[in-house]
Amino acid sequence: MKLPAEYYQGEDVVAIAKDLLGKLLITSIDGQFTSGVIVETEAYNGRCDRACHAFGRRTPRTEVLYKAGGLSYVYLCYGIHSLFNIATNVEGKADAVLIRAIEPVEGVEVMLKRRKMDVLKPQLTAGPGSLSEALGITTRLTGTPLSGSTIWLEDNDKTYDSDEILIGTRVGVAYAKEDALLPWRFRVKDNKWISKAK
DNA sequence: GCAATGATTTACT
DNA sequence: GTAAATCATTGCC
């Protein structure tokens, strides 16, 4: 059921981002097992997308994006939030998919504890910074293969029809100018676990 | 070596 | 609705 490495090495990062909806994201960190269904993603293309960290430069931080797909890329934003990405495409092509929201499945108590919450609310995992914290993902997981036993994805019988998927523009990337208008944000329609629509 | 800034969240006015 | 928190990475000196 675990997704093979080849799955992440496709040419079309946008298609992968869309297909990831409904897949299971699982982490086993510090002996704590947690999982959730991916309900919101964004695609980033390293070659023609100004919003991608790897656009126009290759630095130690973005090096993992240039490697073959199937690695995790965790970026610390605003000094507070860890954003979880999946590096895709083949070596030399710096594409990535940002996971923006999941629907909790297993280990809810663990997630609540990590988030210092005592009641299950949508905001537990809605938003890239929140879901990373809930799953225990931190920057030290950057470069971790998704085929390992720390963090991985599994196929799920649950797939969404195209009429159940909302496509929109990405948020928080206004500085990328015209690239911010690309319709590379995918989310599941009428799902209460996605981050609030703008 | 040092200063500027961001794939955001949260709390407060 | 607006503003503050907070630090690794980056780019310039």
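Here is the naming used below: chain letters follow the sequence lines, and residue numbers restart at 1 for every chain.
In summary, A/R115 and A/E133 engage in a salt bridge, as defined by a charged side-chain N under 4.0 Å from a carboxylate O. Ion pairing of A/R170 with A/D49 is present here, as a side-chain N (NZ or NE/NH1/NH2) and a carboxylate O approach within less than 4.0 Å. We find that A/E103 and A/K192 are not joined by a salt bridge, their nearest charged nitrogen and carboxylate oxygen being 4.0 Å or further apart.
Closest to the side chain of A/P128, from the set B/dT9, C/dA8, B/dG6, is B/dT9. Distance from the side chain of A/R61 is smallest for C/dT10 among the nucleotides C/dA8, B/dA7, C/dT10. When distances are taken from the side chain of A/I80 to each of C/dC7, B/dA7, C/dA5, the shortest belongs to C/dA5.
Ring-base stacking between A/Y75 and B/dA7 is not satisfied when judged by a centre separation under 5.5 Å and a plane angle under 30°.
Of the side-chain N and O atoms in A/R57, none sit less than 4.0 angstrom from OP1 or OP2 of C/dT10. Applying the 4.0 Å criterion to OP1 and OP2 of C/dT9, one finds that A/T59 has every side-chain N and O outside that range. Contact annotation: A/H81 side-chain N/O to B/dA7 OP1/OP2 distance is not under 4.0 Å.
Applying the 90° cutoff around 0 to the glycosidic angle, B/dA7 is assigned syn.
Between the P atom of B/dA11 and the CE atom of A/M117 lies a distance of 10 Å, rounded to the nearest Å. Regarding A/E63, its CD atom lies at a distance of 17 Å from the C1' atom of C/dA8, rounded to whole Å. In this structure, the CG atom of A/L76 is 12 Å from the P atom of C/dT10, given to the nearest Å. Rounded to whole Å, atom C1' of B/dG6 lies 15 Å from atom CZ of A/R170.
The base-pairing partner of C/dA5, taking Watson-Crick or G-U wobble contacts with both distances under 3.5 Å, is B/dT8.
Within the 4.0 angstrom heavy-atom criterion, only backbone atoms of the sugar-phosphate kind lie near A/R115; the bases stay farther away. Within 4.0 Å (heavy atoms only), A/F55 reaches no atom of the nucleic acid at all.
If you chain together hydrophobic residues whose side chains sit under 4.5 Å apart, A/Y7 and A/V90 never meet in one group.
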